[in-house]
Colleague: 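Provided herewith is a single structure, encoded as structure tokens, for subsequent inquiry.
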Amino acid sequence: MKITLLLQGKTTFNFVGEGSDIYVKRIKRFISFNISTLPAPKNAGRLAEEELRQREGDAMLKVIDPGDYVILLDENGKSLSSKKFASFLQKAMLRSEKHLVFIVGGAYGFSSDVKARADFQLSLSAMTFSHQIIRVLFLEQLYRAFTIIRGDPYHHD
């Protein structure tokens, strides 16, 4: 199985990039993993929220293959504990999913087309986080999930 984290736009915070790099190296010890960052749409700052969501969504849908299992990271998604998230990943591996694509939306969330394409929506918290900060939070949880699956001592009950 392969996992991709699909992001909308670059981060402007150095610490987000540094934290992401740490967890990406750790995750790659367990599974084939990559981060794909889509550029912001042209004139993004001048677009209405719905138009921006639609353009970002169109770009996302272009890079998702029909066989991909798509998980949106969305505050309105299903909340899972770290152990249940590990179980979710383990079940995906047992189903022989070839490619999991986790998507972080832009500042205004996802277009209706992207939501319709999603196989699952996952909430990392009832709180709202910036689309930049959530990158590191998700990567840490992904790493934690694989340590739970392997029985490594990183996660404590």
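Model, not experiment: these values are computed from the prediction. Values below: every heavy atom of this structure, side chains too, minus hydrogens, waters and symmetry copies.
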Colleague: State which residue, out of M1, K91, K2, fulfils the side-chain contact (heavy atoms from CB on, under 4.5 Å) condition with E97.
Modeller: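 Single side-chain contact (heavy atoms from CB on, under 4.5 Å) partner of E97 among M1, K91, K2: M1.
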
Colleague: If you take all heavy atoms of V104 and M60, which pair is closest and at what distance?
Modeller: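 Of all heavy-atom pairs spanning V104 and M60, the closest is O-CE, 4.2 Å.
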
Colleague: Distance from L100 atom CG to I31 atom CD1, nearest 0.5 Å?
Modeller: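 Here the interatomic distance stands at 7.0 Å.
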
Colleague: Do L139 and M127 land in one hydrophobic cluster if side-chain heavy atoms of ILVMFWY residues count as linked below 4.5 Å?
Modeller: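 Yes, L139 and M127 fall within the same hydrophobic cluster.
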
Colleague: Tell me, do L89 and F30 make a side-chain contact under 4.5 Å, heavy atoms counted?
Modeller: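 SC-SC contact between L89 and F30 ruled out.
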
Colleague: Begin with the C-alpha distance, continue with both residues' side-chain angles, and end with the deciding distance and a verdict on side chain to side chain contact (heavy atoms under 4.5 Å, CB included) for Y143 and V24.
Modeller: CA-CA 8 Å; Y143 172 69; V24 167; over 6 Å; no

Colleague: If you group Ile, Leu, Val, Met, Phe, Trp and Tyr by side-chain heavy-atom gaps below 4.5 Å, do F13 and L124 land in one group?
Modeller: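 F13 and L124: one cluster.
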
Colleague: Under the 3.5 angstrom rule, does the side chain of Q121 hit a backbone N or O of I71 as a donor-acceptor pair?
Modeller: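 No, the answer is negative, given that no donor and acceptor are paired below the 3.5 Å cut-off.
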
Colleague: If two hydrophobic side chains count as joined below 4.5 Å and joins carry through other members, does L137 share a cluster with I22?
Modeller: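 No, no single cluster joins them.
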
Colleague: Are I134 and L80 joined in one hydrophobic group, where the rule is that I, L, V, M, F, W and Y side chains link up if heavy atoms are under 4.5 Å apart?
Modeller: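 Yes; tracing contacts between hydrophobic side chains, which count when under 4.5 Å, links both residues.
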
Colleague: Give, for atom CD1 of I27 and atom OG1 of T147, the distance between the pair rounded to the nearest 0.5 Å.
Modeller: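 The CD1 atom of I27 sits 10.5 Å away from the OG1 atom of T147.
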
Colleague: I need the minimum non-hydrogen distance between T11 and R135, along with the two atoms involved.
Modeller: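 Taking T11 first and R135 second, the nearest heavy atoms are N-NH1, 3.6 Å.
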
Colleague: Nearest heavy-atom pair of F110 and L73: which atoms, and what distance?
Modeller: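 Smallest interatomic distance, heavy atoms only, reads CE1-O, 3.5 Å.
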
Colleague: Evaluate the side-chain proximity of Q8 to P41: yes if any heavy-atom separation is below 4.5 Å, no if none is.
Modeller: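 Side chain of P41 against side chain of Q8, heavy atoms only: contact under 4.5 Å found.
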
Colleague: Do F88 and I3 share a hydrophobic cluster, counting only Ile, Leu, Val, Met, Phe, Trp and Tyr and linking them when any side-chain heavy atoms are less than 4.5 Å apart?
Modeller: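 Yes: a chain of side-chain contacts under 4.5 Å links F88 to I3.
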
Colleague: Measuring from atom NE2 of H131 to atom CD1 of I103, what distance do you get when rounded to the nearest 0.5 angstrom?
Modeller: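 Between atom NE2 of H131 and atom CD1 of I103 there are 14.5 Å.
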
Colleague: Suppose we screen for ring pair (Phe, Tyr, Trp, His ring centres under 6.0 Å). Which residues come up paired with Y69, at least two apart in sequence or across chains?
Modeller: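 Result, ring pair (Phe, Tyr, Trp, His ring centres under 6.0 Å) vs Y69: none returned.
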
Colleague: Looking at every non-hydrogen atom in both residues, tell me the closest pair between A86 and I149 and how far apart they are.
Modeller: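 So the two residues come closest at O-CD1, 3.5 Å.
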
Colleague: Quick check against the 3.5 Å criterion: does Q132 have a side-chain atom that pairs as donor or acceptor with the backbone of T12?
Modeller: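 Indeed, once roles are kept as given, a pair shorter than 3.5 Å links the two residues.
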
Colleague: Quick one: do R53 and E56 make a salt bridge, cutoff under 4.0 Å?
Modeller: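 No.
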
Colleague: Report yes if some heavy atom in the side chain of F33 is under 4.5 Å from a heavy atom in the side chain of R26; otherwise report no.
Modeller: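 Side chain of F33 against side chain of R26, heavy atoms only: no contact under 4.5 Å found.
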
Colleague: State the CD1-CZ distance between I35 and F102, to the nearest 0.5 angstrom.
Modeller: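 It is 12.5 Å, given to the nearest 0.5 Å.
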
Colleague: State, with a plain yes or no, whether a side-chain heavy atom of Y154 is found less than 4.5 Å away from one of I148.
Modeller: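 No - every pair of side-chain heavy atoms lies 4.5 Å or more apart.
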
Colleague: With sequence neighbours excluded, what pairs up with Y108 under the ring pair (Phe, Tyr, Trp, His ring centres under 6.0 Å) test?
Modeller: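 Expected list: none.
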
Colleague: In Å and rounded to the nearest 0.5 Å, what is the OG to CD distance from S111 to E50?
Modeller: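 Rounded to the nearest 0.5 Å, the OG-CD separation comes to 7.5 Å.
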
Colleague: Rounded to the nearest 0.5 Å, how far apart are CZ of R150 and CD of Q90?
Modeller: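 Between R150 CZ and Q90 CD, I get 12.5 Å after rounding to 0.5 Å.
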
Colleague: Heavy atoms only: give me the nearest V136-S20 pair and the separation to one decimal.
Modeller: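 Distance-wise, the nearest heavy atoms are CG2-OG, 3.7 Å.
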
Colleague: Using a cut-off of 6.0 Å, state whether more than 12 heavy atoms not belonging to R95 lie near its atom CZ.
Modeller: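 Result for CZ/R95: enclosed.
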
Colleague: Listed by chain and number, what are the ring pair (Phe, Tyr, Trp, His ring centres under 6.0 Å) partners of F129, not counting sequence neighbours?
Modeller: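 Not a single residue meets the ring pair (Phe, Tyr, Trp, His ring centres under 6.0 Å) criterion with F129.
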
Colleague: Looking only at heavy atoms, what is the nearest atom pair of D119 and D68, with distance?
Modeller: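 Answer, listing the atom of D119 first, then D68: OD2-O, 3.5 Å.
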
Colleague: Testing T4, V101, L7, L5 one by one against S36 for a side-chain contact (heavy atoms from CB on, under 4.5 Å), which residue passes?
Modeller: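 With S36 as partner, side-chain contact (heavy atoms from CB on, under 4.5 Å) holds for just one option, T4.
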
